[in-house]
Q: 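One structure coming up, written as structure tokens, with questions to follow.
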Amino acid sequence: MKSRWYKDAVFYQIYPRSFKDSNGDGIGDIRGIIEKIDYLKGLGINAVWLSPVYMSPNDDNGYDISNYRDINPEFGTLEDWKEMIDKMHQNGIRLVMDLVVNHSSDEHQWFLESKKSKDNPYRNYYIWRPGKNNDGKKPPNNWTSRFGGSAWKYDQNTNEWYLHLFSEKQPDLNWENPAVRQEVVDICNYWLDLGVDGFRCDVITYISKANGLPDGKYNPILRGDEHFVAKPKIHEYLNQLNRESWSKYDTMIVGEAAGLTRKDAELLVSESRNEMDSVIEFELSLVDMKFNAIPVKLNLKKFKKIQSAWQNIPDDCWNTLFYENHDQPRSISRYGNEFGPFRKELAKMLAISYITLKGTPYIYQGQEIGMSNISLNPDEYADIMTKRIFQITKKFPPLYWLAKKVMKKVARDNARTPMQWSDGANADFSTSTPWFKLNPNYGDINVQAQLNNPNSILNFYKKIIDFRINNEILIKGSYKEYFPNHKRVYAFERAYEGKRFIIICNFKSDVVNLNCIDMNAMGAKLVLSNYANTAETFKNGMTLRAYEAFIYYIES
Ligand code: NOJ
């Protein structure tokens, strides 16, 4: 049944709350997406990953689902959703929905039942345990929630604790229970029957927990990981979903996979194993982070080493390529100087540096116009994770000071400011005040201005998307890195059946002279670059200006 269409695809991720509001309540919605399908078509993407639009009390902006089969009224109705998917399909755009089934909302009917009593038929849908110590007032183990604090919440009614690896309003589902797995199969089939083309599976690597839920090793932030990341029955569970649902349709399944090793990833995505098609992993996103949390200057050598290692995974595996999503800071703020004179070149160079790699590229809303991080006061942040970090650190002034500094750079809020459609009122995102602060730079950085400018970041994205889609060399070609020890330049080639693309990106704002003799590409012809006057023909000595990047083509 599988055509593996995703290998040709370029994805666009929509975070619906911040994409486009159609009814003037300040919250992005499905009819807003419908209005912008022509824009997406014009951009040239052919698949969308839509972050959750299901019923939810929004403790974690929709990643806490209270009804898996219906649409949150603030986003619209199921009828709106059907119109949206139809219009996407008519325009050659596939739709991949978020599947959030490591946990549900605590307001889901299953959990409301589960907490009623120990013998409720739904009790075993979640992970309940008695506490430690004689009075049971100590959590069952030392695991921490990814949002900080213990991963357990005490329930007075039944004198037991339930596990929540995210907020206490996101209780973890118990995948040991076959009834839970059957529910997930049914949910997948429900949406697949309605026409969706696949799922992005939220924190799917956490679904199987180690027997006995043992204490984790000491780690002040992410304690317990070694007992639930890709552990022990995950393959059996995914295999069941694949067999009973995903493989019956022409799907693409991409799993969000924090904390995964490459070996684990291969086991999850190797085609012969019938589990998932690819994973979104975060090794690259952590390369400029100390202790997984504190941003440090990018070390390009390490960055390239990771990129190359993933590019060299076995041929029956497949990668996802991304710099941004709704949990990551904006790439032009992260990897270069967004305030300098070369911000456009920077944004375009970043696009070349990953969209030409092997795998399926993902572009996050706003990335295509170079949206950047936002500067907020502590009380302006809206994300549960940021708020929790401030709440925890507030009692310790030096830590609070550090948290404020760090959050400016890495808070998830940076990616969640409303989409900047024009320089008009509310950036044309909404007719009323948006649910979350607009980045004040929308007067300069917006879609409308860029549509009309042939040299804009947006028009560059259109070019590179068009170049990537259906390009045999980029889809099937081999990957070879050059100058791995160079601290400023990322250079590689993609080759297929005697045809080669030579791709070189200057990650810094200083000029670089490069001896390219080893690339054996003298005479190659220019295909694309982020400067207007890059040399038409490749030479053995190349000079790269600030953030300059180019692609040359040669047959040999
Ligand atoms: C990963 C999602 O991308 C993130 O936004 C969410 O908070 C967690 N999973 C929990 O669902």
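Indexing begins at 1, ligand by ligand and atom by atom, following the structure's order.
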Q: In ligand 1, which numbered atoms sit nearer than 4.0 Å to a non-hydrogen atom of E256?
A: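 Reading through ligand 1 atom by atom, the close ones are 1 (C), 3 (O), 9 (N).
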Q: Can you tell me which residue and heavy atom of the protein come closest to atom 1 (C) of ligand 1, and the distance to 0.1 Å?
A: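 Ranking protein heavy atoms by distance from atom 1 (C) of ligand 1, first comes D202 OD1, 2.9 Å.
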Q: My understanding is that we take every heavy atom of each candidate and find the minimum distance to atom 5 (O) of ligand 1. Doing that for N102, I204, D327, I280, which one comes out nearest?
A: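 The residue whose heavy atom sits nearest atom 5 (O) of ligand 1 is D327.
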Q: Y6 vs D197, test: side-chain hydrogen bond (donor to acceptor under 3.5 Å, both in side chains). Steps then yes/no.
A: CA-CA 10 Å; Y6 51 86; D197 299 289; over 6 Å; no
Q: Would you check if the side chain of N299 reaches a backbone N or O of K302 as a donor-acceptor pair within less than 3.5 Å?
A: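 Here the side-chain-to-backbone pair exists.
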Q: Are the side chain of D155 and the backbone N or O of T158 linked by a donor-acceptor pair below 3.5 Å?
A: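 At least one qualifying donor-acceptor pair exists.
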Q: Which residue owns the protein heavy atom closest to atom 8 (C) of ligand 1, what's the atom, and how far is it?
A: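 Answer for atom 8 (C) of ligand 1: F166 CE2, 3.7 Å.
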Q: Which atoms of ligand 1 sit under 4.0 Å from any heavy atom of F147?
A: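 Here the atoms of ligand 1 in question are 7 (O).
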Q: Going by the ring-ring contact (aromatic ring centres under 6.0 Å, His included) test, name the single residue among Y335, Y354, W310 that passes it with F303.
A: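 Going through the options one by one, the only one that passes is Y335.
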Q: Output yes when a side-chain donor or acceptor of R181 lies under 3.5 Å from a complementary backbone atom of W175, and no otherwise.
A: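 Yes, R181 side chain to W175 backbone: donor-acceptor pair under 3.5 Å.
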Q: For ligand 1, which atoms have a heavy atom of R412 less than 4.0 angstrom away?
A: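 The atoms of ligand 1 under 4.0 Å from a heavy atom of R412 are 4 (C), 5 (O), 6 (C), 7 (O).
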Q: Has the side chain of Y162 got a donor or acceptor atom that lies under 3.5 Å from a matching backbone atom of E168?
A: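 Yes, Y162 side chain to E168 backbone: donor-acceptor pair under 3.5 Å.
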Q: Using a 4.0 Å heavy-atom cut-off, say whether M385 meets ligand 1 through its side chain, its backbone, both or neither.
A: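 Neither part.
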Q: Taking the six-membered ring for Trp and the single ring otherwise, decide whether the centroids of F199 and W191 are under 6.0 Å apart.
A: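 No, they do not, as the ring centres are separated by 6.0 Å or more.
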Q: Where on H326 is there a heavy atom closer than 4.0 Å to ligand 1, on the side chain, on the backbone, on both, or on neither?
A: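 The answer is the side chain of H326.
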Q: Just to be sure I read this right, does ligand 1 sit under 4.0 Å from the backbone of Q328, its side chain, both, or neither, counting only heavy atoms?
A: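 For Q328, no heavy atom sits under 4.0 Å from ligand 1.
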Q: Is the side chain of N439 donor-acceptor paired with the backbone N or O of Y442 at a distance under 3.5 Å, no angle test?
A: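 Pair absent, no side-chain N/O of N439 close to backbone of Y442.
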Q: Tell me whether the NZ or CZ atom of K209 lies within the 45° cone about the ring axis of W143 and under 6.0 Å from its centre.
A: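 Because its charged atom misses either the 6.0 Å distance or the 45° angle limit, K209 does not stack over W143.
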Q: Just jot down the ligand 1 atoms closer than 4.0 angstrom to any heavy atom of H103, in number order.
A: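 Counting from 1, the qualifying ligand atoms are 10 (C), 11 (O).
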Q: Give the contacting part of Y206 toward ligand 1: side chain, backbone, both or neither, where contact means a heavy-atom distance below 4.0 Å.
A: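 It is neither; nothing of Y206 touches ligand 1.
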Q: Need the ligand 1 atom indices (1-based, order shown) with element for anything under 4.0 Å from a heavy-atom of R416.
A: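 Close to R416: 5 (O).
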Q: What's the shortest distance from atom 6 (C) of ligand 1 to any protein heavy atom, and which residue and atom give it?
A: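 Result for atom 6 (C) of ligand 1: D60 OD2, 3.2 Å.
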